[in-house]
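Shown next, in structure tokens, is the structure this report addresses.
Counting starts at 1 for both ligands and their atoms, in listed order.
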Amino acid sequence: MWKKGASKNIIDAELASASAEDLHFSDGRIFASMCAQPLEVAVEAHVRFIEANLGNAGLYPGTQRLEKEVVRAIGGMLHHEGAGGSIVSGGTEANITALWIARNVTRRKKVVFPKSAHFSFHKACDILGLEPQMVGLDEKFTADLDEVKRVVDNDVCAIVGIAGTTELGAVDDIEGLGALLPDGAFLHVDAAFGGFVLPFLDHGPPKFDFAVPEVSIITIDPHKMGMSTIPAGALMLRDEGQMRTIRKDAPYLDTVGQAAALSGTRCSAAVASTYAAMRFLGEEGYVKLVKGCMDVTRYALEKGTGIGLEPVMDPVMNILCFYAPDVVRIQSEMEKQGWKVSVARNPESLRLVIMPYVTRDSVDGLFADLEEVLGGLDD
Ligand code: 0PR
């Protein structure tokens, strides 16, 4: 610990130097992040609500009202105006909480999810003492329904479907999973990434949300394609009453004396930030944003095929993967050129996430260097 405090100028210089070591979205070189550069209006909202803590909601009726409005807006976007829920720290917390609720309601143990599921489901099973039952993928890289059918039984607490897989952006057949749901089990949809993309696509997105009657809970992250600040995830429930199954007494709190969230102190600035982003963009703004991302994604697809790369699948959303030889080496060679790309494992491929800050110019730059790297692979 420092003995004496430092001046603002010194702190500012130290922070500036640390920040200069970081990569920034504005550099146009990051193709491996699922978080966006938050909107200015969202950053300002975040700062304004920096001290709010919905962990003690009684002190913050205004923030609480904003949270209700945000939840209602997201519910409407997901075809259920009456949905309940809360703003949480991100997809991991939302997924853990979803399975926590499912376990407490059903008192069952088995969770069925595709191997494309985010690793937060393994964390959730670990913490909650649930049994993961992983199923393989079909030729569309979505949960294999035949396998799901084989493994479901009356021990199933939840089936998980992914609406926008982390690696490929594939969307599981949520209606198909719903048809296989055993009585009383939950259908949880992880739309952490896809939730702010699918509703705004112009090519007839697959049904993934509360429009599918079996869907019980949805994870959707404002801090990914929602343009909010980190940490903002959302847990959306068809039946808000189920939140009571995770409620704990907290008699000293200046609220109803009960808390129903995994976190105690909650970063409520993210509520304001999400409100600001959604209010500022509106549906029209997101349609435009997603269209921009999809245009750049298709442009990148052409660029890739133009240099002889084969896409793993036609991109449903703004994630694009190409088969390539020795992808790990390509990734590290690209890193030497200052590009951050990632590697998907299922199947092994070069993965590009085309977030709103990715421009055609940076795509041009990336593929020019990628072509050189590919040419030099035999050396
Ligand atoms: N569900 C899906 C489908 C996800 O893709 C992710 C995160 C989560 C849940 C968990 O969300 P949180 O990270 O908000 O808890 N997917 C990315 C990942 O873990 C997140 C990410 C973001 C990765 C920014 C890199 C990065 O620079 O790979």
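Judged by a 6.0 Å distance limit and a 45° cone about the ring axis, R360 is positioned over the six-membered ring of Y299.
Remark: F367 engages no residue in a ring-ring contact (aromatic ring centres under 6.0 Å, His included) (not counting sequence neighbours). When the side chain to side chain contact (heavy atoms under 4.5 Å, CB included) test is applied to Y323, the partners found at least two apart in sequence or on another chain are F141, E310, V312, P347. Considering only residues two or more places apart in sequence or on other chains, V71 meets the side chain to side chain contact (heavy atoms under 4.5 Å, CB included) condition with E67, M236.
A ring-centre distance under 6.0 Å is found for H122 and F113.
Each of D190, N95, T219 was compared with S120 under the side chain to side chain donor-acceptor pair (under 3.5 Å) criterion, and only N95 meets it.
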For ligand 1, what N or O to protein N or O distances fall under 3.5 Å?
from: ligand 1; atom 1: 1 (N); to: D190; atom 2: OD1; distance (Å): 3.2
from: ligand 1; atom 1: 1 (N); to: D190; atom 2: OD2; distance (Å): 2.6
from: ligand 1; atom 1: 5 (O); to: T166; atom 2: OG1; distance (Å): 2.7
from: ligand 1; atom 1: 11 (O); to: G91; atom 2: N; distance (Å): 3.4
from: ligand 1; atom 1: 11 (O); to: K224; atom 2: NZ; distance (Å): 2.9
from: ligand 1; atom 1: 14 (O); to: G91; atom 2: N; distance (Å): 3.0
from: ligand 1; atom 1: 14 (O); to: D221; atom 2: OD2; distance (Å): 3.3
from: ligand 1; atom 1: 14 (O); to: H223; atom 2: NE2; distance (Å): 2.9
from: ligand 1; atom 1: 14 (O); to: K224; atom 2: NZ; distance (Å): 3.0
from: ligand 1; atom 1: 15 (O); to: G91; atom 2: N; distance (Å): 3.4
from: ligand 1; atom 1: 15 (O); to: T92; atom 2: N; distance (Å): 2.8
from: ligand 1; atom 1: 15 (O); to: T92; atom 2: OG1; distance (Å): 2.5
from: ligand 1; atom 1: 19 (O); to: H118; atom 2: NE2; distance (Å): 2.8
from: ligand 1; atom 1: 27 (O); to: S33; atom 2: OG; distance (Å): 3.3

